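First the structure, in the form of C-alpha cells, and then the observations on it.
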Protein chains: 2
Amino acid sequence: MTQVPARRTEPTMRDIAALAGVSIKTVSRVINDQGGAGADVVHRVREAVQALGYRPNLTASSLRRADRLSATLGVLVDDLSNPFDSVLLRAVEERAQRDRVLVLAGSAEDNLDLQRERLGSLAARRVDGMVVMAASGPQDDLQQERSHGTPMVLVDRPPTFGHTDSVITTNRESSREAVRQLASYGHRHIACLGGRQSIWTSQERRTGYLEGLAEAGLQRHDEWMCMDLKGVDAAARAVAAMLDGTHPPTALFTAQNLITVGAMRVLQARGWKHRIALIGFDDFPLADMVDPAITVVRQDVPLIGRTAADLVLARIQGDPSPAVRAVIPADLVRRGSGELRPPPA
Amino acid sequence: MTQVPARRTEPTMRDIAALAGVSIKTVSRVINDQGGAGADVVHRVREAVQALGYRPNLTASSLRRADRLSATLGVLVDDLSNPFDSVLLRAVEERAQRDRVLVLAGSAEDNLDLQRERLGSLAARRVDGMVVMAASGPQDDLQQERSHGTPMVLVDRPPTFGHTDSVITTNRESSREAVRQLASYGHRHIACLGGRQSIWTSQERRTGYLEGLAEAGLQRHDEWMCMDLKGVDAAARAVAAMLDGTHPPTALFTAQNLITVGAMRVLQARGWKHRIALIGFDDFPLADMVDPAITVVRQDVPLIGRTAADLVLARIQGDPSPAVRAVIPADLVRRGSGELRPPPA
DNA sequence: ATGAAAGCGCTAACAG
DNA sequence: CTGTTAGCGCTTTCAT
C-alpha cells in the first residue's frame, strides 16, 4: 500500500474565471445556468471547469444567497439502528432527495441532554428544517429551536407546544382494536405488557388497552398490567411471572416489538404458543415465519416518514398554513397468534 | 391550530458586539473560548448571546477557518433502511459524535448514477470525509472524488483503485468454513444459493463455497449452484426447484439474508426443516426463535462501522500512513439448522 | 451580454 | 487584553 494523498485545495470560481478569461460573475452565471451569457463564453467556462475539476461550494453560496437555504434537513431519532427509525429516515431521505436536499442524521437515545446537543449541532449547520422524534420529558429545547423559526415536524410523538406540525400513528385506537379482537375471540383474561411509560406511545397504547377492555365489558386487573419493561429478557420474565400468577391470562397484548419477542420466547419454551393468544404492537421481520405466525398492529412507517418530509419541505418553501397534526392509521395484520381461542373453562 | 411562525433572521456576532459594546473579534474570542478576554467583557458578551438567542454559524466559520473543516462526514450506503446499512450508519455516527462530527447520510441503491449524484451533493457541502458502500461496477466516480483529496473509506466492498482505506469482512473464508462444517457433518450434496454476482460480496461468498467443497474433497455440481437471486420469493422458487431436481442437495448454503429466509420458507412448507441442513450468511432478528434455530455466519457490523469511522477521522486529522485494508472476522453462530446430519443413504 | 464593488458571518494576521 | 483590516467563495446590486 502506498501513501494516502493529502487534501489539496479545491479550485474556486476565481480560478475558473482566470483560466477562462472572464469575470467571476460570469462564471457564476454559467455554473448556475442563469443564462445571459454568450455561447462561446459558456463553452470556455465549461472547459475550465473540466480542466480544473471545479466543484461548486454550496456552503459558500448559501451564505450569500438570498434564500440562505443549505439544502439540508436534520433528522433526529432515538437510535438510527432501530428498524422503525431507519425506515423513517430512509423515507425522509427519499423525499428530500427529490428536491436535492440532503439529510443530517442523529440519534438522541431518548435522552434530553443528547437531544439538546444534537439540536445545537444541527442549528449550527443552519439546516433548513428538522424532523424530530422527541425525547421523553419536557420539550423546552425543541420549543426554543422552533421559536428561532426553524421548520420542524415531530414524528411518533406529538409536541406539547403549539404551532408545530406532527405525524403520529393510531396508537390508542389500534391498541383498542387489538384488545377488542381478543375479546371477540372469547378471551376474558387479557394482559398488557408495555414499555417505558415516560414514552408517550407506551402510555397511549396502555390507554387503548384499557379502553378496549372497557368496551368489551371486561374488568381490568392490576395483575394483568405490567409496564416499564425494557428489553427482551425483562419482558420474558414478566410474562413468565404473569403466567405463573394466581390469575394467568389467556391472551397477551404486547405493546412493543421487543416485548412481543420476549413473550414469544416464553410461550415457545412452555409449549403454550398455540394456547395463549398474542397480539403485538409493531410488525417485525419474520413475524410471519414463526409458528404460530404473529398477529400484529402494523404502522405504516414509510408513510409517516413521507408525510413528515412533505410537511417540513412545504414549510421550508414558505407554506404558512396552520400547523397540522397528521395521524397515519395502523392496521391489524391477522396471522394466527391473535386468532387463538381460549381453552374451554 | 394557529399559524406557523415564519423564519426570522438569526442574530450575528455583529449584533452581539453592538449590544455588548465590544468589537466583533472579541465576541468571536469569547464564543470560541479562546481566552484573552477580561472577565467583565466575557460576561457582557454572554449576556448579549442569551438576550438575542445567538447561535454560532458553523458554515460561515468553517469558510474562513484555517482547517476549513465542516465537522461533517458523508455516509453513502445501498439503502438506509437495510439492517446492515443502518447498523453501520449508527456505528459511524456514534464514533463521529465523539468528535462533534455530524453525519450526512444517503442511499445510492447500488446504482452508479445515484451514487454519482449523491457524491456530488456531499462534495458540494464540503464534507470532511466519506464512508462509502460502493455501488457495483466501475468506481471511476469514487476514484475521482478521492483524487480531489477527500478522505474516503470503503466499507463492505473493497476499492478497485489505490491509496484508499477499506473495511470488509471475511466473506470468502467464512463461507468456506460454513461449507466445511456442513461437509464435516456428513453432507456430500451441498448447494449454494447466492445474490447478484455483480456485487463483490456475492462473488466472494460463492468462491468461498467452491473452496470449501474442494477442501472437503467434494465435487461441484452446476445443479447445486444458483446465483443472481433477488428477493425472498425468487430464492424460495430456486430452492424448491433444486429440491425437486434429479440430484437434490441435503444441505444448503444461502449467501444472503433474504435468500436464507426464502429457503426457510420452502423447508418449512415441505416439512423438511429438520431434514435439510441450512447455513445462511448474515444474521437476522429471530434467527434463534424459529425451529430449528438458524445457523448463520455473523458479521460484526458495529465493529466494521467503528473501524471505518476511526480510519476516516484519523485521515481527516492528517494521518499520512499507508492505506489500510481492514478485515473484520465474521463468526459461525451454531444454532441447529447447520448441525443437522444427512439422512442415511 | 459582461463586470466591479460590496457583503453574507465569520476567523486570520497583525496592530496597538 | 482588545481592535482593525482583510478575506474565505460565493451572490447581490448596480453599472456599463
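Fair warning: this is a prediction, and the values are worked out from it, not measured in the lab.
Taking a 6.0 Å sphere around CD of Q34(B), one finds it holds more than 12 heavy atoms contributed by other residues, nucleotides or ligands.
For dT11(D), neither phosphate oxygen OP1 nor OP2 lies less than 4.0 angstrom from any side-chain nitrogen or oxygen of R68(A). In this structure, T26(B) reaches the dG3(D) phosphate: one of its side-chain N or O atoms is under 4.0 Å from OP1 or OP2.
Partners of R46(B) under the side chain to side chain donor-acceptor pair (under 3.5 Å) rule, at least two apart in sequence or in another chain, are D33(B).
Taking the C1' atoms of five terminal pairs at each end of the helix from dA1(C)-dT16(D) to dG16(C)-dC1(D), the two resulting helix axes are inclined by 40°, rounded to 10°.
Judged by closest nucleotide on DNA chain D, V41(B) is the one of L63(B) and V41(B) placed further toward the 5' end.
Rounded to whole Å, the distance from CD1 on I16(A) to P on dC10(D) is 9 Å. Protein atom CZ of R14(A) is 13 Å distant from nucleotide atom P of dA5(C), rounded to whole Å. At whole-Å resolution of the value, CG in D40(A) and C1' in dA1(C) are 11 Å apart. Rounded to a whole Å, the CZ atom of R126(A) is 20 Å from the P atom of dC10(D). Atom-to-atom, CG of N57(B) to C1' of dC8(C) comes out at 9 Å; the value is rounded to the nearest Å. Look at CD on E10(A): it is 10 Å from P on dG9(D), rounded to the nearest Å. Rounding to whole angstrom units, CZ of residue R125(B) and P of dC10(D) are separated by 15 Å.
Of the N and O atoms on the side chains of T164(A) and R146(A), at least one donor lies less than 3.5 Å from an acceptor on the other residue. In this model, no donor atom of one side chain and acceptor atom of the other lie less than 3.5 Å apart for T59(B) and R126(A).
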| query | Can R90(B) and D79(A) be said to form a salt bridge (charged side-chain N to carboxylate O under 4.0 Å, His left out), step by step? | reply | CA-CA 7 Å; R90(B) 173 70 171 125; D79(A) 184 334; 2.8 Å; yes

| query | After noting the C-alpha distance and the side-chain angles of S107(B) and E94(A), does the key distance pass the side chain to side chain donor-acceptor pair (under 3.5 Å) rule? | reply | CA-CA 8 Å; S107(B) 306; E94(A) 193 161 11; over 6 Å; no

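Here the closest non-hydrogen pair linking Q139(B) and T160(B) is OE1-N, 2.7 Å. The two atoms that bring V155(A) and A308(A) nearest to each other are CG1-CB, 3.5 Å, heavy atoms only.
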| message | Using a 4.0 Å heavy-atom cut-off to protein, can you give one letter per nucleotide of nucleotides 11-16 of chain C, 5' to 3': B if the base is in contact, S if only the sugar-phosphate is, - if neither? | response | BBB---

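We find that D110(A) and R157(A) are joined by a salt bridge, their nearest charged nitrogen and carboxylate oxygen being less than 4.0 Å apart.
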